[in-house]
Amino acid sequence: FKVGSLRHVLIYNFVSQIKSSHADKPKKEKENGYVRNTSPAVIKSEPEEDNGFYPSPQHIKTSKRECEYKPKKVKTEHDKKAKKRKHEYEEDEDEDIKPKKKTKDKKVTEGKKSKKEEEEKWKWWEEERYTDGSKWRFLEHKGPVFAPPYEPLPDKVKFYYDGKPMKLNPPAEEVATFFAKMLDHEYTTKDIFRKNFFKDWRKEMTSEEKSKITDLNKCNFSEMSEYFKAQSEARKQMSKEEKLKIKEENERILQEYGFCIMDNHKERIGNFRIEPPGLFRGRGDHPKMGMLKRRIRPEDIIINCSKDSKQPKPPPGTKWKEVRHDNKVTWLVSWTENIQGSIKYIMLNPSSRIKGEKDWQKYETARRLKKCVDRIRNQYREDWKSKEMRIRQRAVALYFIDKLALRAGNEKEEGETADTVGCCSLRVEHIKLYPKMDDQEYVVEFDFLGKDSIRYYNKIPVEKRVFKNLQLFLENKQPEDDLFDRLNTSILNKHLQELMDGLTAKVFRTYNASITLQQQLKELSCSDDSIPAKVLSYNRANRAVAILCNHQRAPPKTFEKSMQNLQTKIDEKQNQLSAARKQLKAAKADHKASHDDKSKKTVEVKRKAVQRIEEQLMKLQVQATDREENKQIALGTSKLNYLDPRISVAWYLCYAFTVTMIVQNEQEVS
DNA sequence: TGCACAACTTAGAAGCCACTTG
DNA sequence: CAAGTGGCTTCTAAGTTGTGCA
């Protein structure tokens with residue numbers, strides 16, 4: 001599990017170092033008049049009750065020093081080098097970067113391979129990074145792919161109002177089809193959805209239509225809905241040739257618009273298609289659900305590319321809103337969306353250099369946190385005793401973020417989005433305190449909706465001082481008041497920045513997720529295990545992380561059924577096994593009687609059969625366990641965003657490498 | 001300090017597609 | 001060959017963080 005042992009293949013570019021002083025410079029709190037139900041700024045002193053549980057001051061010093069560790073070699077990228085990157089990476093043979101030996105070896109072998117393959121395997125991580133804040137030197141692309149224009153319905157497909165057929169003009173008809181396509185979804189039964197939809201739909205109607213259509217309940221979209229269902233059915237029934245044709249066309253579009261040139265490398269674009277118009281579907285109880293998401297036109301689009309590139313052309317007869325050349329950002333295309341008024345971007349694929357570097361950096365920051373997390377924990381424990389309310393609140397919030405992997409929790413504009421919270425925005429109504437619960441003391445019960453309106457429910461025992469502080473924070477407050485009324489994410493992050501360079505609230509999530517994976521792998525793995533058992537161990541470690549981060553999913557619609565199917569298979573296998581065992585017994589008896597070669601062979605054959613079936617049964621059982629445990633848990637998000645891949649690779653190398661394929665998918669490894 | 005805005009990461013659902021299985 | 005399945009990719013909403021300005 002020594003992830004550090006992988007260092008030789010990676011460049012370590014610690015750009016930053018810990019600020020020398022963590023000394024708290026007490027700042028005067030500014031009071032902006034009267035605020036309802038805020039906590040007192042200063043807290044009367046309490047009797048100290050140090051239980052000697054926490055590490056000694058010496059220990060703190062050690063970890064502090066560790067944290068201030070300054071890498072021997074902080075690379076400074078000279079302008080010359082930065083420019084060089086644009087010009088060629090093949091010619092960079094003599095660059096004096098640390099892992100050069102390795103690189104050279106590889107280059108030699110790669111020389112035999114085709115040019116194309118080499119390009120695909122560009123090792124951006126072996127190159128220098130930009131240090132001047134610019135993201136690229138050269139950027140060329142073809143612009144976005146727009147949603148296909150609306151095709152009016154054939155005349156035979158009718159819309160009925162109040163029982164009478166009615167032909168809608170195309171703009172209103174288009175919006176009606178959006179609704180018709182969602183008829184099966186429970187969204188369309190929700191009041192807010194219907195109200196928002198109807199309001200926006202009416203905006204698209206002619207005055208004549210507007211005066212006629214006044215009640216959504218009198219609208220009958222069923223014929224439209226049937227038509228679309230038939231269409232999608234027809235699409236499934238298409239012949240092989242037709243399907244192939246569509247596939248080829250998609251491939252052509254991908255090749256033309258799906259890539260860009262950034263700094264001499266062809267890179268895959270993430271989302272090169274503009275979002276088509278439709279009805280907005282927020283998550284959870286979203287006040288704007290059902291609103292019309294407008295069609296985006298070239299006139300809405302801002303193009304970003306380099307001056308010396310071939311600029312993308314807008315569709316004939318149209319113009320871009322703007323073309324700019326900003327190399328301090330990574331996006332290629334942007335537009336403003338009409339529901340929240342926020343900006344949407346077209347950016348590169350995760351496989352790109354620009355995303356990969358950022359991702360790597362994220363895990364490096366998490367590793368730096370590992371080095372000084374003890375110090376930070378001691379610090380916030382100290383702060384629980386602070387005289388200042390804001391410091392206590394900050395310290396308790398940070399404890400939650402660290403221990404429970406809660407998100408930072410920005411304030412949100414009321415009425416604009418679903419009512420969800422994170423740590424700093426927790427309200428009184430979201431926690432309950434139990435001085436005693438069963439055999440545990442000082443239990444806090446959390447119950448709130450977090451990101452994407454996923455419920456967070458957890459009961460955990462906390463340290464006494466935390467509990468007492470929470471009681472204090474709750475004093476004289478209403479359920480809808482903020483728990484941490486003297487705290488917000490920007491205050492918290494400013495504090496974290498002082499504790500460690502680059503530290504923000506979300507780094508704790510990354511760190512705790514990754515360290516949990518590492519610990520769980522160590523704990524759950526046993527080198528004698530069979531392959532399926534090892535896979536189960538890995539998935540369980542992954543699952544522990546997903547639980548920590550509260551990554552949930554709706555149980556798959558077919559879950560119960562597929563579970564049953566699996567169980568049937570297991571039962572069958574068990575029957576097979578007992579039959580095979582019987583046969584083996586019989587063969588043995590036969591051999592004992594005859595002692596000839598033939599019967600000996602039969603015994604061997606039967607023995608092998610039993611073994612094979614046992615293995616198959618075990619595999620099925622493990623699969624069933626894995627699936628059952630994973631019913632409501634989503635592993636993807638943590639795999640993708642929180643788990644340092646080096647931990648998985650290290651686990652694979654030092655524990656599972658004798659076994660051919662734990663990770664069946666090569667892509668996963670790369 | 002508070003706010004708006006911009007840029008970027010993280011998130012679950014839906015869609016798609018290749019494969020298996022009966 | 002159809003139906004089921006599972007493992008992706010795609011889609012786009014919903015977060016976090018940083019910045020600049022009053």
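Proteins come first, then strands; the chains are lettered A, B, ... in the order of their sequence lines, and each starts at number 1.
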Do nucleotides 12-22 of chain B as a string where each nucleotide becomes B, S or -: B if the base has a protein heavy atom under 4.0 Å, S if just the sugar-phosphate does, - if no protein is that close.
BSS---S----

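Here the C1' atom of nucleotide dG18(C) and the NZ atom of K358(A) are 10 Å apart, to the nearest Å. If you measure from atom OH of Y345(A) to atom P of dT9(B), you get 12 Å, rounded to the nearest angstrom. K494(A) has its NZ atom 11 Å from the P atom of dT19(C), to the nearest Å. If you measure from atom CG of L406(A) to atom C1' of dG15(C), you get 14 Å, rounded to the nearest angstrom. The distance between atom CZ of R486(A) and atom C1' of dT1(B), rounded to the nearest whole Å, is 15 Å. Per the geometry, CD belonging to Q564(A) stands 10 Å off P belonging to dT5(C), to the nearest Å. We find that CD of E411(A) is positioned 12 Å from C1' of dT16(C), with the value rounded to whole Å. In this structure, CD of E413(A) is placed 14 Å from P of dA14(C), rounded to the nearest angstrom.
Among the atoms of the strands shown, none is found under 4.0 Å from any heavy atom of P350(A). Residue G409(A) is in sugar-phosphate contact alone, with no base atom involved, counting any heavy-atom pair closer than 4.0 Å across all strands shown. Among the heavy atoms of the strands lying under 4.0 Å from K135(A) are primed sugar atoms or P, OP1, OP2 only; no base atom is included. Backbone-only contact: G450(A) has heavy atoms under 4.0 Å from sugar-phosphate atoms and none from a base.
Residues passing the ring-ring contact (aromatic ring centres under 6.0 Å, His included) test with Y345(A) are W331(A), sequence neighbours excluded. Partners of Y363(A) according to the ring-ring contact (aromatic ring centres under 6.0 Å, His included) rule, which considers only residues two or more places apart in sequence or in another chain, do not exist here. In terms of the salt bridge (Lys or Arg N to Asp or Glu O under 4.0 Å) criterion, residue partners of R297(A) (sequence neighbours excluded) are, by chain and number, D300(A). The ring-ring contact (aromatic ring centres under 6.0 Å, His included) test applied to F259(A) returns no partner, not counting sequence neighbours. When the salt bridge (Lys or Arg N to Asp or Glu O under 4.0 Å) test is applied to R252(A), the partners found at least two apart in sequence or on another chain are E249(A), E256(A). Remark: K358(A) pairs with no residue by the side chain to side chain donor-acceptor pair (under 3.5 Å) rule, at least two apart or across chains.
Between the axis at the start and the axis at the end of the helix from dT1(B)-dA22(C) to dG22(B)-dC1(C) there is an angle of 10°, using five pairs per end and rounding to 10 degrees.
When each of K362(A), R367(A), R368(A) is checked for a salt bridge (charged side-chain N to carboxylate O under 4.0 Å, His left out) with E364(A), only R367(A) meets the rule.
Counting heavy atoms from C-beta outward, L426(A) and F448(A) have side chains that approach closer than 4.5 Å.
Looking at Q255(A) and E251(A), their side chains do bring a donor and an acceptor atom within 3.5 Å of each other.
Nearest to the side chain of N641(A), among dT12(C), dT16(C), dT10(B), sits dT10(B). Side-chain proximity of R268(A) to dT10(C), dT16(C), dA11(B): nearest is dT10(C). Out of dA6(B), dC11(C), dT12(C), the shortest distance to the side chain of R273(A) is found at dC11(C). Taking only side-chain atoms of T504(A), from C-beta outward, the nucleotide of dT17(C), dG15(C), dT9(B) with the closest atom is dT17(C). The side chain of Y642(A) lies closest to dA11(B) when the candidates are dG15(C), dA14(C), dA11(B). When each of dC8(B), dT12(C), dA14(C) is scored by its nearest atom to the side-chain atoms of H286(A), the top-ranked nucleotide is dA14(C).
Judged as a side-chain hydrogen bond (donor to acceptor under 3.5 Å, both in side chains), the pairs with a partner in residues 280-291 of chain A (not counting sequence neighbours) are, in order, R283(A)-D452(A), H286(A)-Q340(A), K288(A)-E416(A). Residues in residues 615-624 of chain A take part in these side-chain hydrogen bond (donor to acceptor under 3.5 Å, both in side chains) pairs, two or more places apart or across chains: K573(A)-Q616(A). Counting only residues at least two apart or in different chains, ring-ring contact (aromatic ring centres under 6.0 Å, His included) contacts with residues 618-649 of chain A comprise H551(A)-Y642(A).
Taking side-chain N and O atoms only, K293(A) has a distance below 4.0 Å to OP1 or OP2 of dA13(C). In this structure, T420(A) reaches the dG15(C) phosphate: one of its side-chain N or O atoms is under 4.0 Å from OP1 or OP2. The side chain of K355(A) places no N or O atom within less than 4.0 Å of a non-bridging phosphate oxygen (OP1 or OP2) of dC8(B). Contact annotation: K506(A) side-chain N/O to dT9(B) OP1/OP2 distance is not under 4.0 Å. Taking 4.0 angstrom as the limit, N410(A) places a side-chain polar atom (N or O) nearer than this to OP1 or OP2 of dT16(C).
Both N565(A) and N349(A) sit near DNA chain C, but only N565(A) has its closest nucleotide nearer the 5' end. Nearest-nucleotide assignment on DNA chain B puts the 5′-proximal partner with N488(A), out of M347(A) and N488(A). Map L254(A) and T417(A) each onto its nearest nucleotide of DNA chain C; the residue landing nearer the 5' end is L254(A).
Relative to the six-membered ring of F280(A), K293(A) misses at least one condition, a distance below 6.0 Å or an angle of at most 45° to the axis.
R646(A) has a carboxylate O that lies under 4.0 Å from a charged side-chain N of D644(A), or vice versa, which qualifies the two as a salt bridge.
Within residues 333-341 of chain A, no residue is approached by DNA chain B to less than 4.0 Å at the level of any non-hydrogen atom.
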